[in-house]
Each structure stands twice: as structure tokens, then as C-alpha cells.
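Contents: one structure, followed by commentary.
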Amino acid sequence: MLRLRDLWKMETFQSLLARRLSAALTALGVSQAGELTSATDPRFGDYQTNAALVLAKQRGENPRALAQSIIAVLDVGDVAEPPQVAGAGFINFRIKREAIVAKTRDLVGDEQLGVTPTTDPRKIVIDFGSPNVAKPMHVGHIRSTFLGDALARIAQFVGHDVIRDNHLGDWGTQFGMVIWGWKHLLDRDALARDSIAELVRLYKETNERAANDESVREAARAELVKLQSGDPENFAIWKQCVDLSMREFERAYELLGIKYDIVRGESFYNDRLAAVVERLLRAGIAEISEGAVCVFFRDVPDLADKPCIIRKRDGGYNYATSDIATVDYRVQDLQRDTIWIVTGAPQQLHFRQIFEIARREGDTADFRHITHGSILGEDRKLMKTRSGENVPLRDLLEEAISRAGRIVAEKNPDLREEERAHIAKVIGIGAVKYADLSQYRMTDYVFSWDKMLSLHGNTAPYLQNAYVRIRSIFRKLGHAFVAPEKIALAEAAEIQLAKKLCQFAEVVPQVLNDFRPNILGNYLFELANNFHAFYEECPVLKAAEPARSSRLLLCELTARVLGRGLDLLGIGVPEKM
RNA sequence: GUGCCUGUAGCUCAACCGGAUAGAGCUUCUGACUUCGGAUCAGAAGGUUGGGGGUUCGAAUCCCUCCAGGCACGCCA
């Protein structure tokens, strides 16, 4: 049975102070205003609120005086020192040492490390990655895949119901070329060796021939029409292409530790497209223009001259049609109330149109198009190989792993071969992922092996190393660590580290505000810094009790937060490195 | 032409919904070790937040305008 006075331990200091502030404002008979955030500077304590400033502005009063009257009715004595008015009218809070110590002790017993379930659980479908069949995965898929996976992990961790959907590009016009090539140019041995490479070759060679030969062009188009009208032979070829590609993708996902709940490619929506167009026409949302079926947005200034075509003049459907059908499926069949689509920024107009159409149909689901920037090469242009092609994901990951392997071999030559191989994988993949996720998603970034694999700075290896150092302490301890009932923290470095640990629960939900995993990365980096400062300042194993057990507990928690935090970004941790 | 995104220290990037003296890392410089993994820590230097207006107690953040780069704009996805 939970005792009442312990209730506060279950929520973050931030949330608790916000509730107390809210109660104080109510007691004063004024409206809720401002926000309660962590302090911008340690001088100002641990948390601050600008409520008095905002209220004073609304009411034309003196902000500092208002702050004083808020403090007079504010009841935070159980967790904080008496609040102070500062600056123009900020109210600053400093958390009591006992409160930090008690909460830190309690975190050890909490699987969630203080993160409480969201008060607004959603049924989310996340659409991310979405590679194209018969093409290799390449750098262009990295950001969507890593970002989507991290958001899915975080959303799940805070208590949302998440379905991860791989919306494969499996029904494009490229299949006319691929099928023609399959029938005329297929090399079975090559297909067995490297199926994707062979499929790419078929596409490219057919494309070249079609460029110079009208009859090939015609024949490829005819193959596409046959596929779309359900010709069994072409369908079988197409199916093989999809299966071979999927096998290849799954190898990459296996290496990357990425899982999907469902795979619904564009082809899945095929038999729903006609009905979508009919429905929109009947509802008067769509109309016929220049022979095509279009949706116009005449009442939306930005979109007024940007119609969305949902059936081409030749009667064919395009990706707008299938994306509308996809929305239907997600809302109706999957019963989702929230749809997150993670793609590059160029598709913004497209999804604005799709969401606008859904709204016109009365759809009230929460649609979010989560966009991201590009990965650039050293020349600051889109990252390509020397020959100007997209860099295959497989090559990139292999290089990451081998580079990580070389570094590990140099730093720690005593490791067994297979152990080193495992560590190289965790570090190499982690480095690539972290380089991506630690950056604001909208800005382009320059891909740099040296930076992402550096042991210094805000990198995965640095964070992993902090974890490894802690694991090393526990190996040296020689027996299982049992957390003491009470802990004692006295040193500044201990308190600072404990505070940081308590903030994990404040940071994780924040990521979903604007879909910014880089906030979590930043937090983990600060945590690792705080840990290293503590480690430098405070001996652990050599300390006398009760400091020794207390410090071991800090180490244990730090390792768990680092491990969990990285896990939420889809990144693993080794025991040694 | 219209719309969207980006512009922050020499370089790579942070700054959650408008908060206090804009923060890190890399680089450079100065200190601290026969350390529990120094793969570290402490400190210094480095800025007209692309330019210019505006809104207000307060702006990197919001509004207007200009500059630079990227992207998208009816039958590709």
C-alpha cells in the first residue's frame, strides 16, 4: 500500500511543482498562465516559472509583487526550499537535497526509471522507412528509418499503442521495365547471388534500351498494363521481386535492430483505389478537370493553384490515390486515431493535400507529417558514391562496423575475436544511428566517419564508453549489487548526478512534443558528462560505507538510464569495448 | 512567380510553447594521473544568432522586408 506522503515520488519534480503552482493560482483566483520549466541556469536553482510575468502582463500589475503573492500561497515545502522571486518576476525553485536523495533511491526499483504513462494514450500508426522494391536501400532511407524507429520506441515507452507500418514502394511504373527485363535479360545465377543487384541491372538495361528503341518502350508499357490488369505470369514475376527485396530488407533490419508490426505496401491498396475516387466524386470533393479527376482546394490560399490528381487522364491511379486509401485503412481497419508519417521534406505539399482531403471527408484523426533534412557528403551536396550513385546502406553499415572494429582492436587488443566482432557491430551501427538522431531532424548534416566514431564529444561511442566504465566497476565488485534501503549523498558531484538522473522522466516525453530525439541524445550526453565528473571526484569501490553503497547505486542507475536512453534511440550497449 | 525548409563561435551542431549573461563538441592554449578502463576531468579563448525594421517588461524564437542555399509546385513516387 502506497503511503500518501510518498505519492510525489512517483512523479517528476517538474510535474509536481507545476501542480502546486496551478493550485496556488487557483487559490489566488487568477487564471492559469505561464509555464514551469527547468532553470535556464544553475544560479536560478532547479526550476523556474514565468507565471507572474505572464499574469502581470494580462492584468496590468506589477510582476514582482504578483510573484510575491503567488509565493505566499504556494505550498512546496515538502520538496523545495522556499521559492525566490528574481529578475523581472521569475519564481525560482531549488529542490531539497532529501527529496533528490529519496527520489533517486526510488528510481532503482522502477523499471520505467521514473517515466510515468502518458495521460493521453493514443492509438498511433507510424509510417517510416518505406524502401522501394527492386532497389537497394541506401543513405536516403537512413533518416526516415532511424527517426521513425526511435519515435516508435519512445511512444511505446511512454504508454502509447503503436503500430509500425512499412509502406513499401512496391507498385510503381518501374515494374514495366523490370518485368520486360526479367523476361528478356534475366541472369538466374546473378539473381541467386545478389538478387537486388540483378533487379537493378534489369531495370537499368531495359531503361537504356527503351530510351533508344520505341518498340522496347512500348513492350515495357504493355507489361505494366498486363501486371495491373492481373495477368498471372506478370503477377508472379512481380511477387518474386517483392519477396526477394523483402528478404534483403529484412537482413538490413536484422542488423539494425528494427522491427515492423505490419508491411502494407502500395500494392495492398490496389483494389481500393477505384472506390476512393468514386466516393470523392460522389461527395463533391473531387471533380473532373482536363480529363483527370482532381481535388481542388480553392478555399485554402496556399493550395488554391495546386490541385491534387487522384486519377490520371488515362484512367490510372497515382500515389495520391493510394495514400488516401492508406489513410482510410489506418483509421478504419487499424482503428488508429493518430497517424505519423516520417519522410523527407520534399513530400510536404503532397501530404498536406492528403490530410486536407481526409479532413474534407470528416476524418478527425491527428495527422502528422514528420519531415527531415538530408545527409550530405563532404562536398556539402547530397551524399553519393564517386560514380554519382546512391550509397548502398549495406556498404555503409559494413564500413561502419569495420571501422569500429579497427578502433576497438587498437584500444583493447586483448578481446577475443568473436567478442570484438560483436562489439564492433554495436559500436559501428550505434555510431551511425546516433550521428543521425543527435541532430535536429530538419537540418541537413554532413556525414563524417571520424566524427561519429570519435570517443570524444557527443557521439555514441562516448556514451557507450561511459556505460562500459560502469559495468567494469560492477565486474570488479565481484558480486551482485543489492541496492541499500537508504542512501546518503553529500558531494556536489553526487547531487548533480542524482538530479540529472531524476530528469530522465522529464526529458523522454518531451521528445514527442515536436518529434526531436536529439533532445534525448543531448540529455544522455550531459548525463555522461555528469557521471564522468562524479567518477573523477568520488571514489566508488574504495569509499567507506555508506558512501560506497550510495555511489554504487548512482553507478547502477546511470548505467540503466544510459542503456535505456540509448535503447530508446535504437542503439545498443556493449559490456566491454 | 507561389509555397515550404534551412541560415547561430574558425568547423560540426544545441537551445522544449517568447524568458534572465545564447550553450556543447571538435580545434587551440593552461592545468590535474604510476586512475575504479586518462577512451578522463578542471579551466581559458572564441558571437552584432545572414542583414534591416517591428511587436513587448523580455526575441535566436513571433510579424514584415531583403540576402544566401535547398526543395516542391496536374497526370513519377
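So you know, we letter chains A, B, ... as the sequences are listed, proteins then strands, and number each from 1.
In this structure, a donor-acceptor pair under 3.5 Å is absent between the side chains of A/N270 and A/S267. Residues A/E266 and A/S322 have side chains that never bring a donor and an acceptor to within less than 3.5 angstrom of each other. A donor atom on one side chain and an acceptor atom on the other are not found under 3.5 Å apart for A/Q439 and A/N518. Checking A/E575 against A/Y467 by side-chain atom types alone, a donor-acceptor pair falls below 3.5 Å.
A/H532 has its NE2 atom 16 Å from the C1' atom of B/A32, to the nearest Å. The distance between atom CD of A/Q84 and atom C1' of B/A20, rounded to the nearest whole Å, is 15 Å. Taking atom CZ of A/R64 as the reference point, atom C1' of B/A20 lies 12 Å away to the nearest angstrom. At whole-Å resolution of the value, CD in A/E526 and P in B/G25 are 11 Å apart. Atom CG of A/L376 is separated from atom C1' of B/G70 by 9 Å (rounded to the nearest Å). In this structure, the OH atom of A/Y434 is 11 Å from the C1' atom of B/A24, given to the nearest Å. When the P atom of B/A24 is taken as reference, atom CG of A/L527 falls 17 Å away, rounded to whole Å. Taking atom CZ on A/R59 and atom P on B/C57, their separation rounds to 17 Å, with Å as the unit.
An OP1 or OP2 oxygen of B/G25 is reached within less than 4.0 angstrom by no side-chain nitrogen or oxygen of A/H456.
Rounded to whole Å, the C1' atom of B/U8 lies 15 Å from the corresponding atom of B/A68. Distance check on atom C1': B/U27 versus B/G19 gives 32 Å, rounded to whole Å. B/A44 sits 34 Å from B/G53 when the P atoms are compared, rounded to a whole Å. For the P atoms, the distance linking B/U65 with B/C5 amounts to 15 Å, nearest Å. Nucleotides B/G50 and B/C11 are separated by 13 Å at their P atoms, to the nearest Å. For B/U6 and B/C26, the C1' atoms lie 23 Å apart once the distance is rounded to whole Å. Between the C1' atoms of B/C76 and B/C13, the separation comes to 35 Å (whole Å). B/G54 sits 13 Å from B/A59 when the P atoms are compared, rounded to a whole Å.
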message = Taking Watson-Crick (N1-N3 plus N6-O4 or O6-N4) and G-U wobble (N1-O2, O6-N3), each under 3.5 Å, can you produce the dot-bracket string of RNA chain B? Use [ ] for crossing pairs and | for inter-strand ones.
response = (((((((..((((.....[...)))).(((((.......))))).....(((((..]....))))))))))))....

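Scanning for salt bridge (Lys or Arg N to Asp or Glu O under 4.0 Å) contacts around A/D323 gives an empty result, with sequence neighbours left out. Residues passing the side chain to side chain donor-acceptor pair (under 3.5 Å) test with A/K499, sequence neighbours excluded: A/D46. Taking A/K306 as the reference, nothing meets the salt bridge (Lys or Arg N to Asp or Glu O under 4.0 Å) condition, with sequence neighbours excluded. A/Y317 pairs by the side chain to side chain donor-acceptor pair (under 3.5 Å) definition with nothing, not counting sequence neighbours. By the side chain to side chain contact (heavy atoms under 4.5 Å, CB included) test, A/D414 pairs with A/N412, sequence neighbours left out. For A/K500, the salt bridge (Lys or Arg N to Asp or Glu O under 4.0 Å) criterion is met by A/E526, not counting sequence neighbours.
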Anything under 3.5 Å between a donor and an acceptor, one on a side chain of residues 369-380 of chain A, the other on a protein residue two or more places apart or in another chain? List them.
residue, atom, partner, partner atom, Å
A/H369, NE2, A/T343, OG1, 2.6
A/H372, NE2, A/G344, N, 3.3
A/D379, OD1, A/K381, N, 3.0

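Both A/G457 and A/K476 lie near RNA chain B, and the one whose nearest nucleotide falls closer to the 5' end is A/G457.
At the heavy-atom level, A/C538 lies under 4.0 Å from base atoms of the strands shown. Residue A/D414 is classed as having no contact, given no heavy-atom separation below 4.0 Å to the nucleic acid. At a threshold of 4.0 angstrom between heavy atoms, the contacts of A/A86 include nucleobase atoms, whether or not backbone atoms are also involved. Among the atoms of the strands shown, none is found under 4.0 Å from any heavy atom of A/V511. Within the nucleic acid shown, A/K411 comes within 4.0 Å of at least one base atom, counting heavy atoms only.
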message = Walk me through whether A/N530 and A/Q496 qualify under side-chain hydrogen bond (donor to acceptor under 3.5 Å, both in side chains).
response = CA-CA 7 Å; A/N530 287 167; A/Q496 178 55 39; 3.3 Å; yes

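A/Y434 places a side-chain N or O within donor-acceptor distance of the main-chain N or O of A/G521, the cut-off being under 3.5 Å. Within the 3.5 Å criterion, the main-chain N or O of A/Q14 finds a donor-acceptor partner in the side chain of A/E506.
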Atom pairs, N/O to N/O, protein against nucleotides 63-66 of chain B, distance under 3.5 Å?
none

Show me the protein contacts with nucleotides 71-77 of chain B, counting only N or O atoms at under 3.5 Å.
residue, atom, partner, partner atom, Å
B/G74, O6, A/S289, OG, 3.1
B/G74, O6, A/E290, OE2, 3.4
B/C75, O2, A/R313, N, 2.6
B/C75, N4, A/E290, O, 3.3
B/C75, N4, A/R313, NH2, 3.3
B/C76, OP2, A/K312, NZ, 3.3
B/A77, OP2, A/Y319, N, 3.4
B/A77, O3', A/E266, OE1, 3.1
B/A77, O3', A/E266, OE2, 2.3
B/A77, N6, A/Y319, OH, 2.6

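Within the structure, the salt bridge (Lys or Arg N to Asp or Glu O under 4.0 Å) test picks out the following pairs touching residues 543-559 of chain A (sequence neighbours left out): A/E494-A/R551.
The side-chain ring of A/F525 is not stacked on the base of B/A24, judged by centre separation under 5.5 angstrom and plane angle under 30 degrees.
For the atom pair CZ (A/R217) and OG1 (A/T206), the distance works out to 13.5 Å, reported to the nearest 0.5 Å.
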remark   = Readout for nucleotides 11-19 of chain B: B = base within 4.0 Å of protein heavy atom, S = sugar-phosphate only, - = neither; 5' to 3' it is -SSSSBB-B

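Glycosidic conformation of B/C17 is syn; the angle stays within 90° of 0.
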